[in-house]
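Lettering follows sequence order; numbering is per chain, from 1.
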2 protein chains.
Amino acid sequence: MISLHQLRCFLATLEHGSFTAAAGVLGYAQPSISEQVRLLEQGLDTTLFRRVGRGLVPTEAARALAPHAAAALAAVAEAGRAVASVRELLTGTVRFGMFRTARFYLTADLVADVLHQHPGVRLELVGQNSAEVLEHLRKGRLEAAVIALPVEDENMVVTPVLRDELVYVSADPSRLHARVTPAALAAAQLVLPDASWRETDTTRRQLAQAVQRTGHSLRPRIEVEDTETALDIAARGLADTVTWRGVLHALGDRLPAGLAWAPLRPAMYETFAVVHRQGELSPASRVVVDLVMARMRGLDRAMRAEPA
Amino acid sequence: MISLHQLRCFLATLEHGSFTAAAGVLGYAQPSISEQVRLLEQGLDTTLFRRVGRGLVPTEAARALAPHAAAALAAVAEAGRAVASVRELLTGTVRFGMFRTARFYLTADLVADVLHQHPGVRLELVGQNSAEVLEHLRKGRLEAAVIALPVEDENMVVTPVLRDELVYVSADPSRLHARVTPAALAAAQLVLPDASWRETDTTRRQLAQAVQRTGHSLRPRIEVEDTETALDIAARGLADTVTWRGVLHALGDRLPAGLAWAPLRPAMYETFAVVHRQGELSPASRVVVDLVMARMRGLDRAMRAEPA
DNA sequence: CGAAATCAAAGGTTTCTCCTGTGGAAGCCG
DNA sequence: CGGCTTCCACAGGAGAAACCTTTGATTTCG
């Protein structure tokens with residue numbers, strides 16, 4: 001079978017006109033080059049050089065072979081460069097998983113960071129919900145992600161980076177005067193996000209459990225997918241909603257007008273963590289993981305410092 | 001160092017999603033594929049597949065590598081086809097040497113034969129003079145040729161194919177009545193071809209020797225390169241010339257008007273032979289050699305049958 | 001929980017690669 | 001023309017690579 005090494009020896013021989021010269025250039029002994037070219041001739045079932053006197057004369061077949069041999073070697077070299085380019089994070093795609101609401105916490109800033117540090121890379125930030133993302137992680141389709149705890153998988157490395165507090169949001173200030181207890185939640189007319197993931201979503205389950213302990217059940221009047229949609233509906237006074245302080249913090253001025261919020265009593269927290277499989281993390285993911293950690297921890301500090 | 005085999009294994013693995021499947025397709029055991037991919041990863045200093053559970057997940061680097069790996073394999077396959085195409089005489093260039101005057105004997109017919117049998121090939125018919133062509137043969141720049149004897153080189157295979165007779169050509173019938181002896185040649189006003197090769201040309205040397213034996217020397221009044229030019233000059237009555245009967249035979253109607261010819265006395269002959277180095281002849285040259293032999297021998301028979 | 005499938009690792013055999021050393025042929029030059 | 005150099009071919013042997021079989025560990029699926 002024909003090999004790259006044979007092609008290299010052949011091209012060097014063709015270029016320099018003799019086995020001896022080719023051997024000198026390639027750093028081998030002359031019989032090695034001679035043998036490789038002979039093997040190539042055998043593999044191609046063709047004479048590539050006429051051995052005439054003490055010299056070599058390339059045949060027509062050699063002239064036909066040369067450009068293709070060069071092309072093959074060039075393709076391999078290019079392959080090496082392409083891989084190196086990915087390895088050095090000059091090109092390629094980085095995929096990172098996140099629960100959908102994470103975009104309030106870091107998407108735009110994270111993208112800015114990555115694009116700035118690595119101008120050539122593509123970035124894919126995928127994921128709807130923490131449970132779905134965790135499944136992708138387990139199947140290997142994602143290397144790393146930021147999701148809400150808990151993560152019960154001993155093969156995963158879990159690094160908590162931000163603790164956020166659930167808050168009750170309403171357009172009606174009167175509903176925020178009293179302590180928002182689980183019983184109050186059960187009685188309220190609510191709009192909740194993550195309609196498609198209500199069975200597995202950790203926040204939903206936390207809320208549901210708290211309400212259930214009062215003997216009631218959590219029956220939101222309205223279900224939507226987006227947190228933003230839920231807030232819009234709340235701003236219209238159609239229902240109240242529950243979200244994370246961090247979302248309000250991140251929205252700032254862009255929070256729909258007329259909304260106010262109050263903490264739950266007892267307080268309920270959600271912890272977000274960067275999660276990845278045990279073992280080596282690719283350089284690309286490492287970069288994104290580090291950036292996410294820095295951003296999220298910065299947010300964590302900012303929110304802890306902020307008055308409630 | 002990265003090898004084609006590794007690329008093959010890698011692509012099969014990528015395509016079929018597992019080492020086991022790739023091994024099945026390629027006809028190897030699973031650990032062999034596994035090892036080759038590991039070597040490739042080592043050679044590229046990159047992880048190509050994440051080993052997750054019992055499956056493999058290609059990395060970004062693998063996706064970057066794949067097209068270049070395919071390109072390298074394609075180039076090698078193309079190289080094989082290109083060489084085969086030359087070997088099968090579908091494409092490529094066939095070089096064949098001949099003394100210049102051979103074009104009177106066979107060039108157009110030979111080209112027709114080759115192009116008809118091998119529509120894709122290029123044909124190079126090179127050579128000025130038998131001595132020059134022989135030198136090319138010795139240096140390996142030509143594989144085979146048809147030239148005038150003698151060829152004193154034991155490394156060459158010499159196959160005589162045509163014996164031709166030297167004839168005296170003149171526009172003046174009176175000069176053809178007497179026997180054209182060497183002495184007559186010495187006295188004649190001659191135009192001779194092969195000006196550049198007068199030192200080595202075999203016909204010249206034959207003529208010169210014959211004349212010299214009479215105590216004179218051969219001093220042509222005019223020297224030109226082309227036989228056709230010499231004949232044109234002879235037709236204008238400016239000088240007489242000497243050429244081969246085969247040339248007149250081949251020219252037929254196209255012989256310049258007014259020329260007549262007579263044999264030399266004693267007769268002088270020139271023998272043409274197909275000559276090539278000992279050992280294997282490439283299929284391409286073999287084809288041309290065979291065609292030339294057939295054509296030349298046909299001419300030989302035709303001329304021997306023709307009355308002088 | 002058992003069965004099937006998959007990758008990884010170990011051990012051993014065969015093949016390939018490459019070297020050194022040698023011989024022979026061809027060209028070069030005094 | 002004879003010696004010198006240069007080049008290719010060949011042989012033998014050491015080391016590396018390729019490949020196989022067997023085994024083990026893990027995961028998935030019924």
_Rounding to an integer number of Å, can you tell me how far A:R50 CZ sits from C:dA26 C1'?_
17 Å

*Heavy-atom contacts under 4.0 Å between residues 5-15 of chain A and DNA chain D, which residues?*
none

*Report the C-alpha separation of B:E60 and A:S282 in whole Å, then their side-chain angles, then the decisive distance to 0.1 Å, and conclude whether the side-chain hydrogen bond (donor to acceptor under 3.5 Å, both in side chains) test is met.*
CA-CA 10 Å; B:E60 178 64 17; A:S282 76; over 6 Å; no

*Mind calculating the distance between CG (A:L26) and C1' (C:dC19) to the nearest angstrom?*
16 Å

*Are any of the side-chain nitrogens in A:E41 or A:R51 under 4.0 Å away from the carboxylate oxygens of its partner?*
yes

*asked:* Judged by each residue's nearest nucleotide on DNA chain D, which is more toward the 5′ side, A:G17 or B:S3?
replied: A:G17

_Interatomic distance, B:L4 CG vs D:dA17 P [rounded to whole Å]_ = 17 Å

*Mind calculating the distance between CE (B:M156) and P (C:dA26) to the nearest angstrom?*
11 Å

*What is the distance from OH of A:Y28 to C1' of D:dA9, rounded to the nearest Å?*
20 Å

*asked:* Output the rounded distance in Å from CZ (A:R51) to P (D:dA9).
replied: 5 Å

_Does C:dA5 have its OP1 or OP2 closer than 4.0 Å to a side-chain nitrogen or oxygen of B:T20?_
no

_Within residues 30-38 of chain A, residues whose heavy atoms come under 4.0 Å of DNA chain C_ = A:P31, A:S32, A:E35, A:Q36

*Look at B:E135 together with B:R141 and state whether they make a salt bridge at an N to O cut-off of under 4.0 Å.*
no

_Using only atom types and a distance under 3.5 Å, with no angle test, would you say the side chain of A:T46 pairs donor to acceptor with the backbone of A:L44?_
yes

_B:F19 and B:F49 aromatic ring geometry - parallel, tilted or perpendicular at 30°/60° bounds_ = perpendicular

*Send over the distance from A:L39 CG to C:dC18 C1', rounded to a whole Å.*
12 Å

*Note: B:D290-B:R286 ion pair, threshold 4.0 Å (strictly below)*: yes

*Mark yes or no for whether A:D194, through its side chain, and A:W197, through its backbone, hold a donor-acceptor pair below 3.5 Å.*
no

*asked:* Between A:A29 and B:A21, which residue's closest nucleotide on DNA chain C lies nearer the 5′ terminus?
replied: B:A21

*State whether B:E143 and A:R50 are salt-bridged, where the test is any N-O pair (Lys NZ or Arg NE/NH1/NH2 against Asp/Glu carboxylate O) under 4.0 Å.*
yes

_Protein-nucleotide distance (B:Q278, atom CD; C:dA25, atom C1'), rounded to Å_ = 13 Å

*asked:* Quick test of your reading of the model: are B:R38 and B:E35 salt-bridged, counting only N-O distances below 4.0 Å?
replied: no

